[in-house]
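Everything on this sheet refers to the single structure shown next.
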4 protein chains.
Amino acid sequence: MALVSQNQILQCLIADNLVSDPNGARGRLLTEAARLFREKGYERTTVRDLAAAVGIQSGSLFHHFRTKEEILKAVMVETIRLNTALMQAALEAAESSSDKLRGLIRAELESINGQTGEAMAVLVFEWRSLSASSQADVLELRDIYEKLWLDVLESLRREGALAAEPFVVRRMLTGALSWTVTWYKPERGGLTLDGLTDQVMAMMALKSS
Amino acid sequence: MALVSQNQILQCLIADNLVSDPNGARGRLLTEAARLFREKGYERTTVRDLAAAVGIQSGSLFHHFRTKEEILKAVMVETIRLNTALMQAALEAAESSSDKLRGLIRAELESINGQTGEAMAVLVFEWRSLSASSQADVLELRDIYEKLWLDVLESLRREGALAAEPFVVRRMLTGALSWTVTWYKPERGGLTLDGLTDQVMAMMALKSS
Amino acid sequence: MALVSQNQILQCLIADNLVSDPNGARGRLLTEAARLFREKGYERTTVRDLAAAVGIQSGSLFHHFRTKEEILKAVMVETIRLNTALMQAALEAAESSSDKLRGLIRAELESINGQTGEAMAVLVFEWRSLSASSQADVLELRDIYEKLWLDVLESLRREGALAAEPFVVRRMLTGALSWTVTWYKPERGGLTLDGLTDQVMAMMALKSS
Amino acid sequence: MALVSQNQILQCLIADNLVSDPNGARGRLLTEAARLFREKGYERTTVRDLAAAVGIQSGSLFHHFRTKEEILKAVMVETIRLNTALMQAALEAAESSSDKLRGLIRAELESINGQTGEAMAVLVFEWRSLSASSQADVLELRDIYEKLWLDVLESLRREGALAAEPFVVRRMLTGALSWTVTWYKPERGGLTLDGLTDQVMAMMALKSS
DNA sequence: GATGAATGAGCATTCATTCAT
DNA sequence: CATGAATGAATGCTCATTCAT
């Protein structure tokens, strides 16, 4: 029972200036940056590459961002903001703890393998390219996001549906789900995102209604 | 029932010239390279950094390796060779499919969080820095390694102990286990490597004897 | 016996459109430009710095001046024009050659260390940043100014009060007086501008009435 | 009665590693840097200009100096070191205070208008391009140099040969002598360096034996 | 007039690689 | 084998100037 669509959530965030409009100059740059950082890595992507990808000159980049690193940070920050909102919506749409977990897994898989997938991969693989102070800023946002997961896993534990420790399980799931980006190709096989979600639940011996 | 020690395996590989002696010039360089690549990333590590780490001048590096990328490739190749041998030993030491899986998980966790951890992380995080042709070479070795896992998982499936697909489960485990490098600190908490292995088995609702 | 005040001279020049009104947009810009060029140097001062100093956007600067160099030239030209007028007034207010020289020295010290000090320093220290053709234009104005000095020094020579050559003495005085800007701080010590003028006359073994 | 030649002094400083051998790679670069900085200004001189002037590639500069500013600082530091040594020699070669002053003036004029002239001009005109911390380092050296002058001027004052204050006179002379670089051309007129020195002494109404 | 995004040439600096010693 | 100066292409970033609004 999705109360709000993904697109509605995005519009709210844009209105609040929390993420950039993907149709605007800044938003398009961030989309291309995520793609290039994912494809070639942050270091191997030059500001000239970034500029060319959105059809401007390299010098013009610096009207929108003061440094190349600021672009990396913006990709990460906006991705977390968007995904936190999507996770909250997924939680609100579910009743049981088991369904809530399924909702989170499904939503994270969608983030990782859908439109924001490149940005999600950047978040994982380019972490070290972020300066220490930027890392601290991003970690603050990340904590909010992770809290959503831990609350659900703790409920499952209390209900006796989960044998392992919530903290450890979340870490395992983070790795397992992130890693799908390296191999899961929806177009290729018969495995849909829902099917993949089922597999994860099955691996954990959990039932999803 | 470990038939052969880890050290014996290493000695065999060194004797066969499949991995470098960690006490030799080449081996020490690869160890330091793995550490630096993991710490700062391949791109941000300069050949001067590498040379300084083993106490030589940057020009001298090129007597041992033709290019910087060759160093990265060697780190990866030798790591896979060593770990393939370790996995095979783990399999030989176990009887049941469930114990075999536990052995693989335990061995991979040890690789990831033990002495070869840095090299294992490099294998994951610096993959894109490898040229296409080197990637192909490394992938060949990787296939052998992955086959060991798939065989065990397929047995478990046949035995009814595993509900999800072996291929998918292996990918999930790859991600989940690799990711431990980002958070698992044996010295810090009460969780030993064996405890961690138990958690993974528990998460999959598998019993380990 | 000052026949006309400094302010009266300034008003005449503004009326004749020879210098900009310091309260107008152009005048304020030139004042700020002199300050910034002196403080940071011409090259290190950006047009954005200049624009920010007068509260406009960088693009708007180019409605007042065609190029950044034109601003530098205007600072120099207007400074020479104003100082030439001030020197002429100083000469008219004195009787003897010795007093005339004292008047010139006193007036130049005031130019250098007073309100136009920053512009005077720019004239000296940023000379090379001026294009050859602009240098020629400014030099023409400078010749008029220098003529005033040479006439007085030649009179003194003829009167036997000066042993050295007028041409050389003027050059020495130019350097000595310009240099005061680097060390003379009227507010700090007991040395007033008149006291400093006396020191210069004393150094030259000249009496000033 | 010059006890030691200028060249002998230079050789001592080179031997003590206080200044670079003008025939070495570093020394030649500093000479060319002084020339270019003087001619075009520090900011307008690119590292490519500097490299081209000594016949190397721009990247190679950074084997000798870590930054462009380090080159500027080295020009200044070595110039002050050399001139301090030359001044000390000039003092030792003179008897009376008046002769000592003449020696200092003569030596400084030679520094300014001779081989180190360009470097001396850089010291004056490019001062602001030096970072605050480098300025502090250079100022320490400068204090030693200035002390030599003040001691002589104070002696003259005590002897009644100087009416003005030593501190002020030194500042005036600094400006006057530095400024000669902008106009004095020995080859052009009949004025030799000795003649110019005489003019300065005459301007101050001092006799030189 | 004023704006501010865009330009594009230019800058100091980095760094893997080479090679004479 | 080792050195370390030299290379030269590439990088992130700056900035005077333009121009559509």
Side-chain angles (χ1 to χ4, degrees), chain A residues 24-26 29 40 42-52 54-72 129, chain B residues 25-26 29 42-52 54-72 129, chain C residues 24-26 29 42-52 54-72 129, chain D residues 24-26 29 42-52 54-72 129:
Chain A
R26 186 185 157 100
L29 177 58
K40 317 170 57 163
Y42 172 77
E43 310 285 350
R44 290 173 113 93
T45 303
T46 69
V47 292
R48 281 171 182 78
D49 291 335
L50 292 170
V54 291
I56 59 172
Q57 294 294 318
S58 69
S60 308
L61 269 190
F62 295 88
H63 276 274
H64 302 287
F65 298 92
R66 260 174 320 197
T67 63
K68 184 185 168 191
E69 200 221 353
E70 202 172 284
I71 300 176
L72 178 60
S129 295
Chain B
R26 187 185 156 99
L29 177 59
Y42 172 77
E43 309 286 349
R44 292 171 111 94
T45 304
T46 70
V47 292
R48 275 177 177 74
D49 291 335
L50 293 170
V54 292
I56 59 172
Q57 293 296 320
S58 68
S60 308
L61 266 192
F62 294 85
H63 287 284
H64 301 285
F65 297 91
R66 260 174 318 189
T67 64
K68 184 185 168 190
E69 199 219 354
E70 204 171 282
I71 301 175
L72 177 61
S129 295
Chain C
R26 186 184 158 99
L29 177 58
Y42 172 77
E43 309 286 350
R44 289 173 114 94
T45 303
T46 70
V47 291
R48 276 178 176 74
D49 291 335
L50 292 171
V54 292
I56 59 172
Q57 293 296 319
S58 68
S60 309
L61 266 191
F62 294 85
H63 287 284
H64 301 287
F65 296 92
R66 263 174 316 189
T67 64
K68 185 184 168 191
E69 200 220 354
E70 204 172 281
I71 300 175
L72 178 61
S129 295
Chain D
R26 185 185 158 101
L29 177 58
Y42 172 77
E43 308 287 350
R44 291 172 110 93
T45 304
T46 70
V47 292
R48 280 172 179 77
D49 291 335
L50 292 170
V54 291
I56 59 173
Q57 294 295 320
S58 68
S60 308
L61 268 190
F62 294 87
H63 275 275
H64 303 287
F65 298 92
R66 260 176 319 197
T67 62
K68 184 184 167 191
E69 200 221 352
E70 202 171 283
I71 300 176
L72 177 60
S129 295

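Only heavy atoms go into these numbers, but all of them, side chains included; no hydrogens, no water, no symmetry mates. Per chain, numbering begins at 1; letters A, B, ... match sequence-line order.
- Remark: P of F/dC13 and NE2 of A/H63 are 14 Å apart, rounded to the nearest angstrom.
- Across the protein-nucleic acid pair, D/R44 atom CZ and E/dG10 atom P stand 14 Å apart, rounded to whole Å.
- The side chain of D/Q57 lies closest to F/dG8 when the candidates are F/dA16, E/dG8, F/dG8.
- Residue contacts shown for A/S58 include a base, since a base heavy atom lies under 4.0 Å away.
- In this structure, the CD atom of D/E70 is 15 Å from the P atom of E/dA12, given to the nearest Å.
- Among the protein residues, C/I56 comes within range of the sugar-phosphate backbone only, with heavy atoms under 4.0 Å from sugar or phosphate atoms but none that close to a base.
- For C/F62, taking side-chain heavy atoms from C-beta onward, the closest of the listed nucleotides F/dT17, F/dC13, E/dT14 is F/dT17.
- With both pairing distances under 3.5 Å, E/dC11 is matched to F/dG12 as a Watson-Crick or G-U wobble pair.
- Residue contacts shown for A/T46 are limited to sugar-phosphate atoms, with no base heavy atom under 4.0 Å away.
- The separation between A/R66 atom CZ and F/dC15 atom C1' is 17 Å, rounded to whole Å.
- In this structure, the separation between CZ on A/F62 and CZ on A/F65 is 11.0 Å, given to the nearest 0.5 Å.
- A distance of 8.0 Å separates OG in B/S129 from NZ in B/K68, rounded to the nearest 0.5 Å.
- What separates CD of D/E43 from P of F/dT14 is a distance of 15 Å, to the nearest Å.
- The only option from D/E70, D/E69, D/H63, D/H64 that meets the side-chain hydrogen bond (donor to acceptor under 3.5 Å, both in side chains) definition with D/R66 turns out to be D/E70.
- C/L29 has its side chain within reach of C/L61: a pair of non-hydrogen atoms, C-beta onward, lies under 4.5 Å apart.
- Atom OH in B/Y42 sits about 12 Å away from atom C1' in E/dC15, given to the nearest Å.
- Per the geometry, CD belonging to B/E69 stands 13 Å off P belonging to E/dA16, to the nearest Å.
- The CG-C1' distance, from C/L50 to F/dT17, rounds to 14 Å in whole Å.
- The side chain of B/S60 approaches F/dT3 more closely than any other nucleotide in the set F/dT3, E/dG4, F/dT7.
- Listed nucleotides E/dA6, F/dA6, F/dC13 differ in distance to A/R48; the shortest reach to its side chain belongs to F/dC13.
- Residue whose closest nucleotide on DNA chain F sits further toward the 5' end, between D/L61 and A/V47: D/L61.
- With a cut-off of 3.5 Å on both Watson-Crick or G-U wobble distances, the partner of F/dA6 is given as E/dT17.
- More than 12 heavy atoms of other residues, nucleotides or ligands lie within 6.0 Å of CZ in A/R44, so this atom counts as buried by the packing criterion.
- Using a 4.5 Å heavy-atom cutoff, the side chains of D/Y42 and C/E43 are not in contact.
- For B/T45 and D/D49, each mapped to the nucleotide of DNA chain E holding its nearest heavy atom, the one lying further toward the 5' end belongs to D/D49.
- Of all nucleotides listed (E/dA6, F/dT17, E/dT3), F/dT17 comes nearest to the side chain of C/K68.
- OP1 or OP2 of F/dA2 lies within a sub-4.0 Å distance of a side-chain N or O belonging to B/H64.
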